[in-house]
Structures are given as C-alpha cells and as structure tokens.
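The next block holds one structure in the form of structure tokens; read it before the comments.
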Amino acid sequence: MNQLDALKQFTTVVADTGDFKQLAQFQPQDATTNPSLILKAVQKPEYAPLLKDTVAAWRGRALDEVMDRLLVRFGCEILGTIPGRVSTEVDARLSFDTSATVSRAERIIELYQAEGLHIDRVLIKVAATWEGIEAARRLEARGIHTNLTLLFSMAQAIACGQAKVQLISPFVGRIYDWHKKHAGAAWDEAARAGVNDPGVQSVTQIYNYYKHFGIATEVMGASFRNVGQITALAGCDLLTIAPDLLAQLAQTEAPLVRALDADAARKMEIAAVQYDEAGFRYALNEDAMATEKLAEGIRAFAVDAIQLEKLILAA
C-alpha cells in the first residue's frame, strides 16, 4: 500500500489546488482553493476558456461579482470531480469587515445554489482575524459552513472553537518557514523534522485541545513543505495537500502509522481557555509568529485577488 492510500485510512485527504483536471488521479474527498491557486490555474492555457466564458457571460456586472462567479465556476468544476466539499474564499481585503464578509459569503452560497449545489458541499473560507471569526459565527448560525484559514496560533483555534466554525486550516508550512527564517544559521533541519517540526507541533496541540474538550470543529492541516510534515500528522481530521506532494505520497510505500489519536487526547491534562475580543487580540499580539504570518497572508491573498481582477478586466 502506498502512503497516500495508507493516509486515507486515518485522515480525510483534501486536494489543495484550483487545477481541477489533476484531481481524479488522487481521488481526494474534498478540495480547497484560494485566490493564489485560482490565479495560478487561470493562467494555464487549458483554463483560459473558462475565464473568458465566465467574463463574457457576466460582462457589465460589478467586478467583485464577476470575481465571485469565476471562483464559483471553478468550485462547480471541482465538485463535479470529487464526492465531498470545496472551500471557496471570501476576498481577503474584507478580512477586517465582519458585515461585508457575511454578505460576500452569502452571495457565494447563493451562486452555488443557483447551480443546483447543496449548501453542505461548500465551505466558505475566511481569514481567522477576530472579525473573520465573528463573521463565521454568524454564518454558521445561518447554516452556512466555514473554513477559517490563515490560522497560526492556539488563540485563533480556541476562538474558532468558541464560534462553532465547521473547520479550521492551521498552516503547517508557513509556521515552519517563520521559525526556520528566525533561527537563521542555527536552524537544524534534521532536529526540527517530523514531530519536532514547529508547524507539526502547532497542529498537534490544536488537535489535542479540540479532542480533549469535545470541540466539534474539524482540524485540517494545510500549507505543507514536505511529506514528513504530512506523515507526522497522520490521524488529523483532514489534511489539504498540494498535487506535487500527493504524487510523492502515492509513489512511496514506506510504512505509515497514526500519529494523532483522539482517545489519547481525551486522557491528557489540558487547561481550558476562553477568549473575549480583548483577550484574543492580546494573545495574538503576544505571538509574534502568528501576528506576522496572518498579516503577511492577508496581504499576499489581496495582491493575488487584484491580479485576478486585472485578468478579468483584460479578458
């Protein structure tokens, strides 16, 4: 059995791509997208007609609406290939506006429903700012399920659990990147691999906290840099993995064992934490890595959203 098939015994495997033509070979349950992945896909020749057709059909509408229709078009194509859910992201430029995030999410869901897709097959991705988490709380209360992204800290995870969001996406690789950069020449790659990887440790801590306290929010590790980070999180609820790493897993037959275990987590001694807005903001501020990577991630997604808008206007 290859490692991809072995991983599927413990964990729901999710494809992290906008390139839906790659999906069938890996047979993931779900798929995730973001502005960067969609931007990358629409610049490939095989997806140029999809961009042109969508723009032609809705020319004259507001640019943000055409953008959402393009994202939903990709989502619909993905949902035609996988049995589960697709994650579609709200514009990152709304990350600090709760009401605007809610409105944009509702429109995305309405567009999917107009295509005949059930609301339960879509997760709305929102950055895990305080405003984004509050938007997700309101959306979940209305039956719209959410995926809180750009998550780097326990404070964000705990606040998401309190808001009863459907799923969180802690970013393993970007946490690893930050620690490696800040360690500089002192970084020891071998010593910080596997279970000692700071990104792996972060997701493990979140997973154990959720399972210990019976928090229903799903944990989906994301943003992987290498296969070792993935195998060290076998047993996590879900893992969203880029196609190149899915291919590496499929080509490897080394043994794979469960690393995370809900029963073991329930037996641990873990202190409960609650956050109000002030407490959340202070805890996030105290975490330099999470503060920097959250801000950096929002900026990067915003840049790619602007680039996607330029392609729409030029189509």
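Not measured: the values here are computed from a predicted model. Along the sequence shown, residues carry numbers from 1.
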Applying side chain to side chain contact (heavy atoms under 4.5 Å, CB included), run through Trp130 and Thr98 and close with a yes or a no.
CA-CA 9 Å; Trp130 178 262; Thr98 296; over 6 Å; no
Side chain to side chain contact (heavy atoms under 4.5 Å, CB included) for Ile124 and Val90? Distances and angles first, verdict last.
CA-CA 7 Å; Ile124 298 295; Val90 170; 3.5 Å; yes
Is there a side chain to side chain contact (heavy atoms under 4.5 Å, CB included) between Asn34 and Lys125 once you walk through the steps?
CA-CA 8 Å; Asn34 63 43; Lys125 282 181 84 173; 4.0 Å; yes
Decide yes or no on side chain to side chain contact (heavy atoms under 4.5 Å, CB included) for Gln229 and Tyr176, but give the supporting numbers first.
CA-CA 10 Å; Gln229 292 174 334; Tyr176 161 89; 3.5 Å; yes
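For OH of Tyr282, the number of neighbouring non-hydrogen atoms (other residues, nucleotides, ligands) closer than 6.0 Å is 12 at most. Around the NZ atom of Lys44, the shell of radius 6.0 Å holds more than 12 heavy atoms that belong to other residues, nucleotides or ligands.
Between the side chains of Thr88 and Tyr112, a donor-acceptor pair is found at a separation under 3.5 Å. Residues Glu140 and Thr146 have side chains that bring a donor and an acceptor to within less than 3.5 angstrom of each other.
Shown are Asn147, Asp16, Thr149; of these, the side chain to side chain donor-acceptor pair (under 3.5 Å) with Ser169 is made only by Asn147.
In this structure a side-chain-to-backbone donor-acceptor pair under 3.5 Å is present from Arg121 to Gly84. Here the side chain of Ser95 pairs a donor or acceptor atom with the backbone of Ala92 at under 3.5 angstrom. In this structure, Tyr207 contributes its side chain and Ala262 its backbone to a donor-acceptor pair below 3.5 Å. Side-chain atoms of Ser202 never come within 3.5 Å of backbone atoms of Pro198 as a donor-acceptor pair (strictly under, hydrogens ignored). Remark: the backbone N or O of Asp19 is paired with a side-chain donor or acceptor of Thr17 at under 3.5 angstrom. Put simply, the side chain of Thr101 gets close to the backbone of Leu94: a donor and an acceptor are under 3.5 Å apart. Gln307 contributes no side-chain N or O that, together with a main-chain N or O of Val303, makes up a donor-acceptor pair within less than 3.5 Å. Using a distance-only test at 3.5 Å, with no hydrogens or angles considered, no donor-acceptor pair links the side chain of Glu65 to the main chain of Arg61. Side-chain atoms of Thr217 come within 3.5 Å of backbone N or O of Val165 as a donor-acceptor pair. Under a 3.5 Å cut-off, the side chain of His145 and the backbone N or O of Gln166 do not form any donor-acceptor pair.
To the nearest 0.5 angstrom, Ile78 atom CD1 is 11.5 Å from Lys21 atom NZ. Here the CZ atom belonging to Arg69 is positioned 11.0 Å from the CG atom belonging to Asp64, to the nearest 0.5 angstrom. Between the CD atom of Gln27 and the CG atom of Leu4 there is a distance of 9.0 Å, given to the nearest 0.5 Å. Rounding to the nearest 0.5 Å gives a distance of 10.0 Å between CD of Glu218 and CD1 of Ile168. Here the straight-line distance linking atom CG of Leu71 with atom CG of Leu37 works out to 11.0 Å at 0.5 Å rounding.
Look at Arg174 and Glu296 and you find no salt bridge, because none of the NZ, NE, NH1 or NH2 atoms lies under 4.0 Å from a carboxylate O. Salt-bridge formation is detected for the pair Arg137/Glu134: a Lys NZ or Arg NE/NH1/NH2 atom is positioned less than 4.0 Å from an Asp or Glu carboxylate oxygen. Glu115 has no carboxylate O lying under 4.0 Å from a charged side-chain N of Arg73, or vice versa, which leaves the two without a salt bridge. Between Asp197 and Arg225 there is no salt bridge, since none of the side-chain N atoms of the basic residue sits less than 4.0 Å from a carboxylate O of the acidic one. Between Asp91 and Arg93 there is a salt bridge, since at least one side-chain N of the basic residue sits less than 4.0 Å from a carboxylate O of the acidic one.
A pairwise comparison of heavy atoms in Ile82 and Ala31 identifies CD1-N, 3.6 Å as the closest pair. Considering every non-hydrogen atom in both Leu50 and Leu70, the closest pair reads CD2-CD1, 3.7 Å. Between Asp30 and Arg85, the closest heavy-atom pair is OD1-N, 2.9 Å. Residues Val200 and Ala232 share a closest heavy-atom pair of CG1-CB, 3.8 Å. Ser87 and Thr33 get closest at one heavy-atom pair: O-OG1, 2.8 Å. Taking both residues in full, the closest heavy atoms of Thr291 and Leu284 are given as OG1-O, 2.6 Å, listed atom of the first, atom of the second, then distance.
Within the structure, side-chain hydrogen bond (donor to acceptor under 3.5 Å, both in side chains) contacts touching residues 230-253 (residues at least two apart or in different chains) are Thr32-Thr240, Lys211-Asp237. Applying the ring-ring contact (aromatic ring centres under 6.0 Å, His included) test to pairs two or more places apart or on separate chains, those with a residue in residues 8-32 are Phe20-Tyr47, Phe20-Phe74.
The salt bridge (Lys or Arg N to Asp or Glu O under 4.0 Å) test applied to Glu286 returns no partner, not counting sequence neighbours. Taking the salt bridge (Lys or Arg N to Asp or Glu O under 4.0 Å) definition, one finds that Lys40 meets it with nothing, sequence neighbours left out. A search for salt bridge (Lys or Arg N to Asp or Glu O under 4.0 Å) contacts involving Arg266 returns Asp263, not counting sequence neighbours.
A single hydrophobic cluster is seen to contain both Ile38 and Ile109, as judged by linkage of ILVMFWY side chains at heavy-atom distances under 4.5 Å, directly or through other members. Val72 is connected to Ile119 through a chain of hydrophobic side-chain contacts under 4.5 Å among Ile, Leu, Val, Met, Phe, Trp and Tyr, so both are in one cluster. A continuous path of ILVMFWY side-chain contacts below 4.5 Å connects Leu311 to Leu63, so both sit in one hydrophobic cluster. Hydrophobic cluster membership differs between Met1 and Val13, with clusters built from Ile, Leu, Val, Met, Phe, Trp and Tyr side chains linked at under 4.5 angstrom. Following chains of ILVMFWY side-chain contacts shorter than 4.5 Å, one can reach Val219 starting from Val172, so the two form part of one hydrophobic cluster.
The side-chain heavy atoms of Val14 and Leu239, taken from C-beta on, include no pair separated by under 4.5 Å. A heavy-atom distance below 4.5 Å is not found between the side chains of Leu79 and His118. Put simply, the side chain of Gln43 reaches to within 4.5 Å of the side chain of Leu39, judged on heavy atoms. By the 4.5 Å heavy-atom criterion applied to side chains, Glu106 and Ile144 are counted as neighbours. The shortest side-chain heavy-atom distance between Glu89 and Pro35 falls under the 4.5 Å cut-off. For the pair Glu131 and Asp97, the minimum side-chain heavy-atom distance is 4.5 Å or more.
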Please output the side-chain donor-acceptor pairs of residues 154-163 that fall under 3.5 Å, not counting sequence neighbours, one pair per line with the distance.
{"unit_1": "Gln156", "atom_1": "OE1", "unit_2": "Phe152", "atom_2": "N", "d": "2.7"}
{"unit_1": "Gln156", "atom_1": "OE1", "unit_2": "Ser153", "atom_2": "N", "d": "3.1"}
{"unit_1": "Gln156", "atom_1": "OE1", "unit_2": "Ser153", "atom_2": "OG", "d": "3.2"}
{"unit_1": "Gln156", "atom_1": "NE2", "unit_2": "Ala128", "atom_2": "O", "d": "3.0"}
{"unit_1": "Gln156", "atom_1": "NE2", "unit_2": "Leu150", "atom_2": "O", "d": "3.1"}
{"unit_1": "Gln162", "atom_1": "OE1", "unit_2": "Tyr275", "atom_2": "N", "d": "2.7"}
{"unit_1": "Gln162", "atom_1": "NE2", "unit_2": "Tyr275", "atom_2": "O", "d": "2.9"}

